[in-house]
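Encoded as structure tokens, the structure appears first; notes follow it.
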There are 2 protein chains.
Amino acid sequence: MRKDSRLSRVLHVLAHLGASENPMTSSQLARMLCTNPVVVRRTMGLLRDSGYVQTVQGRHGGWSLTRPLSDMTLLEIHKALGDTGLIGLSVTSEHGNCFIEKSVNLALTSVFNEAETLILARFGEISLDKLLQRRD
Amino acid sequence: MRKDSRLSRVLHVLAHLGASENPMTSSQLARMLCTNPVVVRRTMGLLRDSGYVQTVQGRHGGWSLTRPLSDMTLLEIHKALGDTGLIGLSVTSEHGNCFIEKSVNLALTSVFNEAETLILARFGEISLDKLLQRRD
DNA sequence: AATAATGTAACATATAAAGTTACATAAGTA
DNA sequence: TACTTATGTAACTTTATATGTTACATTATT
């Protein structure tokens with residue numbers, strides 16, 4: 001599976017917005033990310049839908065934060081991106097009615113959920129300003 | 001990204017092998033998994049390389065366990081499959097020399113590693129016989 | 001020698017993330 | 001008012017990766 005790098009990218013963007021006085025345009029941000037303005041709008045649009053950033057159209061418009069980075073957690077941003085599951089593994093969809101398969105899938109799903117819950121809890125403890133200060 | 005379901009599949013296979021007196025052929029296993037014998041050989045071959053199963057060629061050949069399921073952990077099997085990373089998220093490769101990007105990536109990588117370590121430790125505690133007994 | 005198994009290379013398909021094109025809409029500004 | 005510079009979004013293309021398929025060599029039993 002091609003891994004999802006959107007979290008990494010939006011954090012990069014949020015860090016820049018946090019350091020900027022003025023709104024930044026999709027083009028500026030796209031240049032930073034070595035990508036396309038449309039990709040920026042598409043991805044950042046999810047954060048806007050959840051209220052973490054706002055946009056202004058027209059001249060001197062662009063993207064800006066709605067609150068300081070200290071008021072956003074990694075968990076919130078992750079969820080805003082859709083939270084499609086952090087674990088890169090999946091369980092097979094059950095084709096037949098094999099009892100052993102059902103049993104394996106049930107158990108594995110439970111382990112995955114346990115792991116996911118653990119990570120999400122950790123994400124919830126990390127505010128973006130703290131994240132950017134990490135040195136380890 | 002299409003998620004990796006190999007762990008789920010080999011556990012299904014291992015559970016059957018643990019319950020079977022005789023070796024099971026790739027074709028039998030493939031039927032169980034609703035796939036192709038070659039897929040079975042390819043994936044199970046990784047477990048053989050690590051010594052968890054063995055194969056016998058020719059008539060009455062096939063796949064069998066080299067040790068009881070109580071002597072295999074989820075962690076061992078996961079690692080035998082290549083351990084390409086459990087977290088379905090990645091960090092952008094650094095194109096430019098943006099200090100903020102480097103900082104974000106370093107911090108995020110550290111969080112991902114922390115999470116990964118946590119899960120792997122949990123996987124190490126779960127033997128396959130225990131996994132199959134889980135009811136939750 | 002025939003049969004039934006694995007081993008493996010090479011290629012095809014499916015899915016999801018990311019990239020691209022095109023154009024509509026909105027808001028400043030000359 | 002017309003122009004310019006932004007975002008919004010649909011539709012399509014590209015790319016990466018897991019999975020599936022075909023073909024054939026090798027090995028072991030009968």
Side-chain angles (χ1 to χ4, degrees), chain A residues 1-10 12-13 17 20 22-49 53-64 66 78 81-93 95, chain B residues 1-10 12-13 17 20 22-49 53-64 66 78 81-93 95:
Chain A
M1 113 192 142
R2 194 180 192 179
K3 291 189 168 185
D4 188 342
S5 65
R6 289 177 305 163
L7 184 60
S8 163
R9 292 179 134 186
V10 300
H12 184 187
V13 167
L17 295 183
S20 168
N22 306 308
M24 298 182 70
T25 69
S26 304
S27 293
Q28 286 179 300
L29 297 172
R31 234 171 288 129
M32 283 174 19
L33 301 179
C34 295
T35 182
N36 197 296
V38 177
V39 172
V40 172
R41 290 186 199 120
R42 185 193 294 155
T43 312
M44 291 299 295
L46 296 169
L47 300 195
R48 183 192 49 226
D49 294 345
V53 293
Q54 59 197 352
T55 47
V56 173
Q57 289 193 323
R59 282 226 175 155
H60 306 125
W63 300 81
S64 56
T66 57
H78 168 68
L81 292 177
D83 192 2
T84 50
L86 262 147
I87 308 288
L89 307 181
S90 71
V91 151
T92 53
S93 51
H95 313 285
Chain B
M1 110 201 150
R2 196 181 189 179
K3 291 190 169 184
D4 188 341
S5 64
R6 290 176 305 162
L7 184 59
S8 163
R9 291 179 135 187
V10 300
H12 184 185
V13 167
L17 294 183
S20 167
N22 307 307
M24 298 183 72
T25 67
S26 303
S27 293
Q28 286 180 299
L29 297 171
R31 235 170 289 128
M32 283 173 20
L33 300 179
C34 295
T35 182
N36 196 295
V38 177
V39 172
V40 172
R41 291 187 199 118
R42 186 192 293 154
T43 311
M44 292 299 293
L46 296 169
L47 299 196
R48 183 191 48 225
D49 294 346
V53 293
Q54 59 197 352
T55 47
V56 172
Q57 288 193 324
R59 283 225 176 157
H60 306 124
W63 301 81
S64 56
T66 58
H78 168 68
L81 291 178
D83 192 2
T84 50
L86 255 124
I87 307 288
L89 307 181
S90 70
V91 151
T92 53
S93 51
H95 314 284

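Every chain is numbered from 1 and lettered A, B, ... according to where its sequence line falls, protein lines coming before strand lines. These numbers were taken from a predicted model, which means no experiment stands behind them.
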Next on the checklist: Counting only side-chain nitrogens and oxygens, does Ser5(A) get under 4.0 Å of the OP1 or OP2 atom of dA18(C)?
Outcome noted: yes
Item to check | Distance (rounded to the nearest 0.5 Å) between Leu33(B) CG and His12(B) NE2 | outcome: 6.0 Å
Checklist entry - Closest to the Arg48(A) side chain: dG7(C), dT9(D), dA18(C)? => result dT9(D)
Checklist entry - Can you name the residues that form a side chain to side chain contact (heavy atoms under 4.5 Å, CB included) with Gln54(B), not counting sequence neighbours? => result Ser64(B), Thr66(B)
Item to check | With sequence neighbours excluded, residues passing salt bridge (Lys or Arg N to Asp or Glu O under 4.0 Å) with Arg6(B) | outcome: Asp4(B)
Item to check | Rounded interatomic separation in angstrom, taking CG from Leu81(A) and C1' from dA18(C) | outcome: 14 Å
Checklist entry - What residue pairs, at least two apart or across chains, pass side-chain hydrogen bond (donor to acceptor under 3.5 Å, both in side chains) with a residue in residues 28-38 of chain B? => result none
Checklist entry - What residues, two or more places apart in sequence or in another chain, satisfy side chain to side chain contact (heavy atoms under 4.5 Å, CB included) together with Ser8(B)? => result Val91(A), Thr92(A), Asn105(A), Leu108(A)
Next on the checklist: According to side chain to side chain contact (heavy atoms under 4.5 Å, CB included), who are the partners of Ser90(B), at least two apart in sequence or on a separate chain?
Outcome noted: Lys3(A), Ser5(A)
Item to check | 5′-ward residue of the pair Ser90(B)/Thr25(B) relative to DNA chain C | outcome: Thr25(B)
Checklist entry - If only side-chain N and O atoms of Thr55(A) are considered, is one of them under 4.0 Å from the OP1 or OP2 phosphate oxygen of dG8(D)? => result yes
Checklist entry - How many angstroms lie between atom CG of Leu89(A) and atom OG1 of Thr84(B), to the nearest 0.5 angstrom? => result 7.5 Å
Next on the checklist: Rounding to an integer number of Å, can you tell me how far Leu89(A) CG sits from dA18(D) P?
Outcome noted: 11 Å
Restricting to nitrogen or oxygen on both sides, can you table the protein-nucleotides 28-30 of chain C pairs closer than 3.5 Å?
from    : atom 1 : to       : atom 2 : distance (Å)
dT29(C) : OP1    : His60(A) : ND1    : 3.3

Checklist entry - When the distance from CH2 of Trp63(B) to P of dG7(C) is rounded to whole Å, what number comes out? => result 5 Å
Checklist entry - Heavy atom of residues 27-46 of chain B under 4.0 Å from DNA chain C: which residues? => result Val38(B), Arg41(B), Arg42(B)
Checklist entry - What is the distance from CE of Met24(A) to C1' of dT5(D), rounded to the nearest Å? => result 16 Å
Next on the checklist: In whole Å, I'd like the distance from the CZ atom of Arg9(B) to the C1' atom of dT19(D).
Outcome noted: 7 Å
Item to check | Between C1' of dG8(D) and CD of Gln54(A), the distance in whole Å | outcome: 17 Å
Next on the checklist: According to side chain to side chain contact (heavy atoms under 4.5 Å, CB included), who are the partners of Ser20(A), at least two apart in sequence or on a separate chain?
Outcome noted: Met24(A)
Next on the checklist: Please identify which of these residues, Thr43(A), Val40(A), Val39(A), meets the side-chain contact (heavy atoms from CB on, under 4.5 Å) condition with Leu29(A).
Outcome noted: Val40(A)
